[in-house]
Student: 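Quick one: the structure is below, and I'll ask about it shortly.
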Amino acid sequence: MNHFRTCAARLRPLTASKNAQNFSKQRPTAAGAPRTFQPIRCYTAPVTTEPFLNGTSSNYVEEMYYAWLENPKSVHKSWDIFFRNANAGAPPGAAYQSPPPLGVNFSGLSQAQAVVGAQPSVEKLVEDHLAVQSLIRAYQVRGQHIANLDPLGITCIDFDDTPVSKLAVFSERWTGFYGLNEADLDKVFRLPTTTFIGGTESSLPLREIIRRLEMAYCQHIGVEFMFINDLEQCQWIRQKFEKPGVMQFTLEEKRTLLARMVRSTRFEEFLQRKWSSEKRFGLEGCESLIPALKTIIDKSSERGVESVILGMPHRGRLNVLANVIRKELEQIFCQFDPKLEAADEGSGDVKYHLGMYHRRINRVTDRNITLSLVANPSHLEAVDPVVQGKTKAEQFYCGDTEGNRVMSILLHGDAAFAGQGVVYETFHLSDLPSYSTHGTVHVVVNNQIGFTTDPRMARSSHYPTDVARVVNAPIFHVNADDPEAVMYVCNVAAEWRATFHKDVVVDLVCYRRNGHNEMDEPMFTQPLMYKQIKKQKHVLQKYAEKLIAEGVVTRLEYEEEIAKYDKICEEAYTRSKDEKILNIKHWLDSPWPGFFTLDGQPKSMSCPSTGLNEKELHHIGKVASSVPIEDFTIHGGLTRILKGRAAMVENRTVDWALGEYMAFGSLLKEGMHVRLSGQDVERGTFSHRHHVLHDQNVDKRTCIPMNYIDPNQAPYTVCNSSLSEYGVLGFELGFAMASPNALVLWEAQFGDFHNTAQCIIDQFICAGQAKWVRQNGIVLLLPHGMEGMGPEHSSARPERFLQMCKDDPDIFPVSSVWSAFDLQLYDCNWIVVNCSTPANYFHVLRRQILQPFRKPLIIFTPKSLLRHPEAKSSFDDMLPGTHFKRLIPEEGTASQNPAGVKRIIFCTGKVYYDLTKERKSKGMEDTVAIARFEQLSPFPFDLVKAEIDKYPEAEVIWCQEEHKNQGYYDYIKPRICTTIGRAHPVRYAGREPAAAPATGNKKAHLLELERFLDKAFNLDAFQDQP
Ligand SMILES: Cc1ncc(C[n+]2csc(CCOP(=O)(O)OP(=O)(O)O)c2C)c(N)n1
Ligand SMILES: [Mg+2]
């Protein structure tokens, strides 16, 4: 109604003669060009209350009005009078006058009569036009509801509110709704600008209007797009589906499509014949997925895309590997051989999880194309953000700022797409500047079932794809038993992506011919559906018969095509028997050319010094304390912070933020990209970082000093993420996957929030290398520490990370070739650190890039230590020759007289500062030594041993501020025991076991602290214990 109000209100102050020119300029008139609604002026006018006009009439009235402005004689006389009266200020209801009687010779009138046929009452005429317009719109909005999408024909939906379909329109029920009847079918109606069904015609008889709308919206394609807020985009889609004759294919295209269907179908049949009892999660029932993907890739290649990154679940994965990515068939077939020996270390993975990377010529476009399928865990949809991150990284490295060269395709199952929250999280990244991959084509294998659960129980939304509506992605539902319709929507989807750089969804409505896997009996749970499926003719057979009937191919040609592919499979099968060894390396989705030796080994095993020279430290420090652009007003509080930084640089010291600055800045200067992402990371949750300065007077004017370190530096990306952990961590993991030459960090707002990204941590970060032989150097920054802030926000759950470290607690590592600790690093699945000094934080960040291999790095980062006066480091600890300290031994008076030391306390992180304070206040600096674990895993056995050996009389204590069943104790204790040959017990001083990570009561918090510190320094505390 509002829309009409503005439209109608515009009528009043204008006159035809005065404004016709202006309007015709504002309206694009080129044939076929999208016609957009241009807001001109808004007035409130009595005409808005004209009784015969309603909200749905706006476009029609607008159309008439434009026509009248251009030529008042081009519209029916009644409209001419109406517009004249309205413009002259007629009161509501008075602008309209009955039309002049028949026989009066008005040239404009005769034209109008030609359009509407015999002269009815004008009121009826207007109403009928409005009804037709509503009808057109109803098809556009809801036509998909009655489209024939389900190949099984079992979809049972009650669309009471769907006033479309021929039947509905002319049933008694809808006659009343639109006021149209049989008699109107042959009347000619002028078409509004919001439809393209006319082709070159601007008016059509109602019968033809309905026929064309049925053809566009109610056949095998259901287009869902009217929720899109952008009129130009809506017009684009309307054109693609409404223009008469759009869905026509050349003979060549049809033959290629048939050949692709043959491959897709016969591949599954071949596997079924050879390995009938093996799980493969076959594609039967959705064979048109293969031509669908190939069409998207062909069209995208034609539009300039050179690299496509795919993510997909189990269903049809082997088929995609074989027929889309073009993995050698023998490599796939040999995976079914139970005697195949694994050549690589690690667990490996089942065949339908492995990834792949392949560069080849696209035969249709004759252009190079790289296809990679990202390896994924069983966890459905978990790979979505990872694919996005990898895509973003590849776009970033090749300077593809609009996604013209690199794109992603994500495949989904219907149940998972609707059920998994990470889908939503990933969609929400799609339009954010630092996360957008400029449009993903999503393809849903909608087999109308998830394992044994059918859609009625699996989702509350009507379609499994409804989640995509949040980002205004058009959704093309298509009956997957019509390969041509599938091919058509895939072409449109690829064009949409190339045109608007936005996400789009293709929903392949299909069925699953077998059970969930080939061993599964579906009749237990879906008896009726499967009775129908058993009757269902195979899509290849249907399509082949269609093309044979059309004369596109002969039966013989079709049979030859089948025989040809079967032969290819048989030959590959024979070759596959020669494969005795499985090289997971051949299934790598992200090779890092040049980073390893040719046989995949690191080029060295040790890391050079991670120190920097004084001049560099000074220079980066200066940048960190300055505003490098002119006329930029920063906040007063920030001026103080920058002054503080400048003073630290003068004093040759760094705090936490400055230590991080030094690490990032130096890596950037050395040409390494640094990307820091997470919630509020630009400023830093604790307001310590301030990597993005905001002009206090100019909106959106920002400055990132880190990008002003050196003219030849690599770019620095720091980006506040959406409020997501699963999606964003997955994204950064994917970004880090693309290249080893970038420091990619994800920071949790507080460490405990990482648990909503647990799947990425468990399935990808912890076990990724073991499963898929690919390394990843992602860094997790997890703020951690008991600060009296309650059960939440306190613990980053170190116990979980430590429990998943693969280093053996019972073996003291020794190595004759490499230094044991280098080997430990190379062997580990991830590195877990808790630094107590800014210098060590600086070193560990730099080591992450300077070491010759990549491992995920988990850093428990501080909160109160960010501003702790003692948690500062001197430049001396960061100069050339210095390096990351895995353990910082006692360096005070106790270390000078080791024989007198009664107790050695091992600890990690912030509690060190509580311990030293307590020791000082108790005057025990001679008798108690305190050593800090900076690297928890791999465990620094060698350094722990040296420290314990140094204090032969000392009792060994582990002190932590976390509760006993949490934190580090369970990890540390057995390893210290192994180190000291179990000669001494390891005593515990820390909080008691508890269910929650921390108390919510400040007093209780301080009391607990006091208690365990007392215990740590009470030399008799453990006397009674064995
Ligand atoms: C996160 C997650 N939860 C549960 C499962 C177990 N699971 C494997 S396949 C499947 C059904 C998937 O249905 P759908 O997404 O429709 O794909 P389809 O198998 O029908 O192709 C389930 C529940 C899983 N793999 N991942
Ligand atoms: Mg399914």
Side-chain angles (χ1 to χ4, degrees), residues 149-152 154-155 264 268 279-290 292-293 310-320 349-354 375-386 410-426 442-468 477-480 505-522 524-526 529-530 533 725-727 729-730 755-764 767 771:
L149 300 178
D150 178 10
L152 300 177
I154 56 171
T155 318
S264 171
E268 298 294 350
K279 270 193 210 171
R280 64 187 151 84
F281 298 103
L283 195 52
E284 293 95 331
C286 194
E287 286 89 344
S288 46
L289 174 69
I290 299 301
L293 293 176
L310 291 105
M312 75 173 295
H314 50 285
R315 181 77 51 216
R317 194 172 172 112
L318 297 179
N319 208 327
V320 170
D349 205 345
V350 292
K351 49 191 166 293
Y352 40 85
H353 288 163
L354 297 174
N376 59 242
S378 180
H379 293 59
L380 295 167
E381 307 291 350
V383 80
D384 299 1
V386 181
L410 283 179
L411 277 73
H412 313 269
D414 54 321
F417 198 49
Q420 291 292 305
V422 70
V423 173
Y424 182 86
E425 291 187 29
T426 308
H442 299 263
V443 180
V444 182
V445 173
N446 180 0
N447 52 19
Q448 312 184 68
I449 193 162
F451 205 160
T452 67
T453 304
D454 60 45
R456 289 170 295 189
M457 304 301 148
R459 59 174 194 260
S460 296
S461 61
H462 171 53
Y463 291 116
T465 52
D466 283 5
V467 60
H477 307 281
V478 57
N479 186 322
V505 179
V506 174
D507 178 24
L508 295 177
V509 187
C510 56
Y511 59 94
R512 192 187 68 192
R513 190 167 284 277
N514 302 316
H516 176 56
N517 60 60
E518 291 61 37
M519 305 284 84
D520 224 35
E521 174 52 81
F524 285 139
T525 50
Q526 271 75 27
M529 184 187 208
Y530 273 82
I533 289 174
E725 286 83 22
Y726 191 173
L729 178 57
N755 57 14
T756 62
Q758 200 65 52
C759 175
I760 298 293
I761 293 170
D762 291 354
Q763 316 311 125
F764 288 89
K771 294 195 283 189

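Counting starts at 1 for both ligands and their atoms, in listed order. This chain uses plain numbering: 1 for the first residue, then up along the sequence. For clarity, every value in this text was computed on a predicted model and none was experimentally measured.
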Student: Regarding ligand 1, does Ala416 bring an N or O atom to under 3.5 Å of one of the ligand's N or O atoms?
Tutor: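 Between Ala416 and ligand 1 (N or O atoms, distance only) the closest approach is under 3.5 Å.
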Student: Test Leu289 against Leu411 for side-chain contact (heavy atoms from CB on, under 4.5 Å), laying out the working first.
Tutor: CA-CA 10 Å; Leu289 174 69; Leu411 277 73; 3.8 Å; yes
Student: Check whether any side-chain heavy atom of Pro464 lies under 4.5 Å from a side-chain heavy atom of Arg459, and answer yes or no.
Tutor: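 Side-chain contact under 4.5 Å: yes.
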Student: Check the pair Thr452 / Phe524 against side-chain contact (heavy atoms from CB on, under 4.5 Å), numbers first and verdict last.
Tutor: CA-CA 9 Å; Thr452 67; Phe524 285 139; over 6 Å; no
Student: For the residue pair Cys510 and Pro151, what are the closest heavy atoms and their distance?
Tutor: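 That closest heavy-atom pairing would be CA-CG, 3.8 Å.
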Student: Answer with yes or no whether Glu381 contacts ligand 1, where contact means a heavy atom under 4.0 Å from a ligand atom.
Tutor: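 Glu381 does not count as a contact of ligand 1 under the 4.0 Å cut-off.
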Student: Work out which heavy atom in Asp384 is nearest to a heavy atom in His412; give both atom names and the distance.
Tutor: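 Where Asp384 meets His412 most closely, the heavy atoms are OD2-CE1, 3.5 Å.
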Student: Under 2.8 Å from the Mg ion (ligand 2) - does any N, O or S atom of Ile449 fall there?
Tutor: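 It does: Ile449 brings an N, O or S atom closer than 2.8 Å to the Mg ion (ligand 2).
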Student: Which heavy atom in Gln763 sits nearest to a heavy atom in Lys771, and how many Å separate them?
Tutor: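 Looking at all heavy atoms of both residues, the shortest contact is O-NZ, 3.0 Å.
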Student: Verify side-chain contact (heavy atoms from CB on, under 4.5 Å) between Leu380 and His314, making sure each step is shown before the conclusion.
Tutor: CA-CA 9 Å; Leu380 295 167; His314 50 285; 3.7 Å; yes
Student: What is the nearest protein non-hydrogen atom to atom 3 (N) of ligand 1, stated with its residue, atom name and distance?
Tutor: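 Result for atom 3 (N) of ligand 1: Gln420 NE2, 4.5 Å.
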Student: Answer yes or no for Asn446: is there an N/O/S atom below the 2.8 Å cut-off from the Mg ion (ligand 2)?
Tutor: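 No, outside the cut-off.
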Student: Within the protein, is there a heavy atom lying under 4.0 Å from atom 6 (C) of ligand 1?
Tutor: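 No, there is none.
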Student: For His516, is the nearest heavy atom under 4.0 Å from an atom of ligand 1?
Tutor: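 Contact present.
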Student: Where does the angle between the aromatic ring planes of Tyr463 and His477 fall among parallel (under 30°), tilted (30 to 60°) and perpendicular (over 60°)?
Tutor: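 Aromatic pair Tyr463/His477 classed parallel.
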Student: Using a 3.5 Å distance criterion without hydrogens, assess whether the side chain of Arg280 forms a donor-acceptor pair with backbone atoms of Glu518.
Tutor: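 Here the side-chain-to-backbone pair does not exist.
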Student: If you consider just the N/O/S atoms, which atom of Asp414 is the closest one to the Mg ion (ligand 2)?
Tutor: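 Going through the N, O and S atoms of Asp414 one by one, OD1 ends up nearest to the Mg ion (ligand 2).
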Student: Do any nitrogen or oxygen atoms of Phe417 come within less than 3.5 Å of a nitrogen or oxygen of ligand 1?
Tutor: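 No; the residue has no nitrogen or oxygen that sits under 3.5 Å from a nitrogen or oxygen of the ligand.
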Student: Just to confirm my output: which protein heavy-atom neighbour is closest to atom 13 (O) of ligand 1, and how far is it?
Tutor: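 Here the nearest protein heavy atom works out to Gly450 CA, 3.2 Å.
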Student: Give a yes/no verdict on whether any heavy atom in Asp414 is under 4.0 Å from an atom of ligand 1.
Tutor: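 The answer is yes: ligand 1 sits under 4.0 Å from a heavy atom of Asp414.
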Student: Suppose we measure from atom 21 (O) of ligand 1 to each protein heavy atom; which comes out shortest, and what is that distance?
Tutor: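 Result: Arg315 NE, 2.9 Å.
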Student: Looking only at N/O atoms, are Ser378 and ligand 1 under 3.5 Å apart anywhere?
Tutor: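 Right, the criterion is met.
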Student: Taking all atoms of both residues into account, what is the closest heavy-atom pair of Gly311 and Val383, and its distance?
Tutor: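 Closest heavy-atom pair between Gly311 and Val383: CA-CG1, 4.1 Å.
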Student: Between Leu380, Thr453, Asn447, Leu411, flag the one that comes closest to atom 18 (P) of ligand 1 by a heavy atom.
Tutor: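 It is Asn447 that holds the nearest heavy atom.
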Student: Please determine, by modelled atom types, if Glu287 and Ser264 share a side-chain donor-acceptor pair under 3.5 angstrom.
Tutor: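 Checked: Glu287/Ser264 side chains show no N/O donor-acceptor pair below 3.5 Å.
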Student: Please confirm whether His314 approaches ligand 1 to less than 4.0 Å, judged on its heavy atoms.
Tutor: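 His314: in contact with ligand 1 (<4.0 Å).
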Student: Looking only at protein heavy atoms, which one is nearest to atom 17 (O) of ligand 1, and how far off is it?
Tutor: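 Residue, atom and distance for the closest contact: Gly413 CA, 3.7 Å.
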Student: By number and element, which atoms of ligand 1 are closer than 4.0 Å to a non-hydrogen atom of Ala415?
Tutor: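 Within the 4.0 Å cut-off of Ala415, ligand 1 contributes 13 (O), 14 (P), 15 (O), 16 (O).
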Student: Among all protein heavy atoms in this structure, tell me which lies nearest to atom 11 (C) of ligand 1, with the distance rounded to 0.1 Å.
Tutor: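 So the nearest neighbour among protein heavy atoms is Phe451 N, 3.6 Å.
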